[in-house]
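Written below as C-alpha cells is the structure these notes are about.
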Amino acid sequence: EWDPVKTLDTKGKVLRVLVSVGKLALLLGFLYMFICSLDILSSAFQLVGGKTAGDIFQDNSVLSNPLAGLVIGVLVTLLVQSSSTSSSIVVSMVSSGLLTVQLAVPIIMGTNIGTSVTNTLVAMTQAGDRSTFRRAFAGATVHDFFNWLSVLVLLPLEVATGYLYVVTKLIIDSFKIQTEEAPDLLNVITDVLTESIIQLDQSVLSGIATGDQEARNKSLIKKWCQTFTNTVRPGNITFTLKNISETHNIKKCTHLFVDVNLPDLFVGLILLALSLVVLCSCLVLIVKLLNSMLKGQVAGVIKKILNTDFPFPFGWVTGYIAIIVGAGMTFIVQSSSVFTSAITPLVGIGVISIERAYPLSLGSNIGTTTTAILAAMASPGDTLANALQVALVHFLFNISGIILWYPIPFTRIPIRLAKGLGNITASYRWFAAVYIICCFFILPFFVFSLSLAGWQALVGVGTPLVFVLIIIVAINVLQKRNPGCLPAALQSWDFLPLWAHSLAPWDKVVGAITAKCCCCCKCCQVAASDLEHREKESVEKNEKPQKEVYDNPAMSAEKEVENEIKIELQILKMTQL
C-alpha cells in the first residue's frame, strides 16, 4: 500500500513534523482566543442587557405563571449569553426570599434552552459550503431539539406533580451538606486575558433582581478589585441603632475599561463588535486548520476512533462514555456553550458524526450543572439549602431529559429532527436565520406577551394553536407512514397554495430581495445559484444514491484512491493472462 510519508527523505520528514507541530500550536492558540472571545461576548451581552435582565426577574406576579417563568429564563439567558449568570441570579433571588424554589423551576428550564443558541449561531458562520453547513447546523440544533422536547414533557409534569421540586427537596433533606469552594479550572488560563480587557461586578445584577435601588445606579464595570468592609456600632451603649458598614476601596482594577467614562451600553456594544469579529475569525481559521490537518489517512483514523462503537455486545456503552466525556470536558471549560460551540466545526467538517455529537451535547448539559452545584455549595450556610436545591433541579432536569430521549434508539428523536432541519437549511440557507429568530426570539416574546395579559388570554390563544399544531404533525406522520388511512384530500398538501406547503416560492422572494439589496456581486451570485444548485442536487442524488450527505467527501478520498489502485491491479492481472 502506497504511503506518501515513506517517499520523503529525512529533511522532508523533519519539515513535515515541524509544519504539523506549528499547525497544532496555531490551532491551540486560535482555540484559546475562541474561548476567550466567547467569555468577552458574554460580558458584552451583560453590559448591553444585564440591567434589563435584572428588571425582568423583579415582576413576581408574572413569574407565578410557569410558562412565563420558562420564557423569562430563555430571554434572560439570551440577554446575558450565560446560563451560569442567569442561574446565579435565580439562586440569589431564592436565597433572599423573593422567589420560591417552585417558581424557580420553570426559569431554570428556560436557561437550559437559552444557552443552546450560541452553538447554533456558531454554525451560521459555516454557511459558505452547503455540505459543511448541513452537518454543522444539524450538529448544533440537535442540542436545541433535546432542550425543547425535554421542556415539552417535563414542564407539564412539573406543574401537575411537582416532580423536580419534591425529589430535590428529599435529596437536600436527606444529606448533611458541607460548603466547598467552586473550582477554577480553565478560567485560571483564560482569565489572564479576559480580565485584562473587562471585569464585571456580578453583585450589581443580583442587587437589581433583588430590588436594591442603589444597585440600579451603579455601573456593571468593576472599578475596585480589592475592598475592605468595616462594620461599626454608633455610640458606646446604644443597642437600638443598626450597625453601619463602611466600604473602603483598597486596590483599583487594571482592565482596559476601568477609567473609561462611557455608559455601560456603549462599552458593551464596543466589546460585542470586537468579540464577534474575533470569534468568527478564529472559527474560520480553526476550520481551515482542521481541514488541512485532518485529511487522508489521518482523517480516517480520527473519524474511526471517534465514531466507532465498541464490539458486540458492548456497543451500547459507547454513547454513555461519550456522555461522560462531554460532562468532563464541560466541567473543565466550565461552560456548555464553549464546549458545544467547539465541537460544532468538527461536526461540520465530518470528523464527528451527529450520532456521536448528540451524547457529547447531553454530557455537556450535565457538566454545566455540576459546576453550578459546586458553586452553590460555596453559598453561606443560611442560604445553602435553597441555592443547592435550585442547582439540583437543573441537574435532575437534564438527567430526566437524557432518560427520555437517549437510552432507546427509537427515542432519539432530536437526531432525526436535526438532520431534517440540516437538509432544509442546506437547500434554503436563509431558513437558518428564520429558525433562530422564531425559536429564540419571536416565540418566547409571543408567549411572554400573552402571559402579561393573564392566564385567560394565554389559554384562549395558546390552546387552539397547540391543538392545530398537533393535528398538522399527526397528518404529516401519517402521510409518510400510512397515507392510505387518510382521506384522499389529506394524503398530500397539494390542495393548499404552493406558498403554504413549500419553501420554494419564499426562496424566490428572498432571492429577489437579496439580488436588489446586495451590492456585492458574490452575494448576488450566491442568491441566484440557489435554485440551480437544488436542480443539480436532485440529479446527483439519482446518480450517487449510496453517498451519505452527512459524511465528509474529503475524508473518503483515501478509500476512493484505494479502490482505483485495486481496479488498476485487476486490469494488469487480466492483461498478463
Side-chain angles (χ1 to χ4, degrees), residues 69-70 73-74 77 82-95 99-116 143 146-151 153-155 157-158 161-183 185 320 322-340 358-379 383-407:
L70 174 77
V74 175
T77 309
S82 168
S83 59
S84 302
T85 302
S86 49
S87 297
S88 66
I89 296 173
V90 175
V91 168
S92 64
M93 290 186 70
V94 171
S95 300
L99 196 66
T100 63
V101 177
Q102 291 98 319
L103 293 180
V105 173
I107 302 173
I108 292 296
M109 291 183 183
T111 63
N112 226 48
I113 293 172
T115 194
S116 63
H143 195 197
F146 168 78
N147 288 329
W148 281 110
L149 289 171
S150 297
V151 165
V153 175
L154 294 174
L155 183 61
L157 181 67
E158 178 63 21
T161 64
Y163 150 69
L164 293 171
Y165 172 76
V166 171
V167 173
T168 52
K169 183 70 174 169
L170 287 171
I171 294 170
I172 294 294
D173 293 341
S174 300
F175 294 98
K176 293 178 181 178
I177 308 296
Q178 294 181 347
T179 59
E180 290 182 21
E181 286 296 322
L185 300 171
Y320 295 98
I323 290 174
I324 294 167
V325 169
M329 291 299 294
T330 305
F331 182 75
I332 291 169
V333 300
Q334 293 193 312
S335 171
S336 59
S337 299
V338 169
F339 177 70
T340 53
Y358 180 51
L360 287 170
S361 297
L362 302 189
S364 76
N365 274 2
I366 295 172
T368 195
T369 59
T370 54
T371 309
I373 289 168
L374 287 167
M377 290 176 77
S379 302
T383 61
L384 176 62
N386 285 335
L388 194 54
Q389 190 175 356
V390 171
L392 281 175
V393 163
H394 199 184
F395 177 76
L396 188 61
F397 168 74
N398 284 307
I399 291 290
S400 302
I402 290 171
I403 292 168
L404 281 171
W405 308 115
Y406 188 75

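Count residues from 1 along the sequence. None of these values were measured; they are calculated from a predicted model.
Considering all non-hydrogen atoms of both residues, S400 and Y163 come closest at OG-OH, 2.6 Å. Scanning both residues, T77 and G110, for their nearest heavy atoms gives OG1-O, 4.5 Å. Between I108 and V390, the closest heavy-atom pair is CD1-CG1, 3.6 Å. Heavy-atom minimum distance, E158 versus Y165: OE2-N, 3.5 Å. Across T340 and S364, no two heavy atoms sit closer than the pair CG2-OG, 3.4 Å. L360 and A322 make their closest contact through CD2-O, 3.3 Å (heavy atoms, listed as atom of the first residue, atom of the second, distance).
If you check the side chains of N365 and H143, you find a donor sitting under 3.5 Å from an acceptor.
L396 CG to T168 OG1: the interatomic distance, rounded to the nearest 0.5 Å, is 7.0 Å. Between the OG atom of S150 and the CG atom of L362 there is a distance of 8.5 Å, given to the nearest 0.5 Å. Atom NE2 of H394 is separated from atom OG1 of T368 by 6.5 Å, given to the nearest 0.5 angstrom. Between the CD1 atom in I172 and the CG atom in L392 there is a gap of 5.0 Å [rounded to 0.5 Å].
M109 pairs with exactly one of V74, V393, N147, L164 by the side-chain contact (heavy atoms from CB on, under 4.5 Å) rule, that one being L164.
The aromatic ring centroids of Y406 and Y320 lie less than 6.0 Å from each other.
Under the 4.5 Å side-chain criterion, counting only non-hydrogen atoms from C-beta, W405 is in contact with V153. When side chains are defined from C-beta on, V105 does not count as touching F397, because their heavy atoms never get closer than 4.5 Å. Here the side chains of I399 and I403 are in contact, with some heavy-atom distance below 4.5 Å. Contact annotation: the side chain of F146 approaches that of I402 to within less than 4.5 Å [non-hydrogen atoms, C-beta and beyond].
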Kindly indicate, with the supporting measurements, whether the criterion side chain to side chain contact (heavy atoms under 4.5 Å, CB included) is fulfilled by L70 and I107. CA-CA 5 Å; L70 174 77; I107 302 173; over 6 Å; no
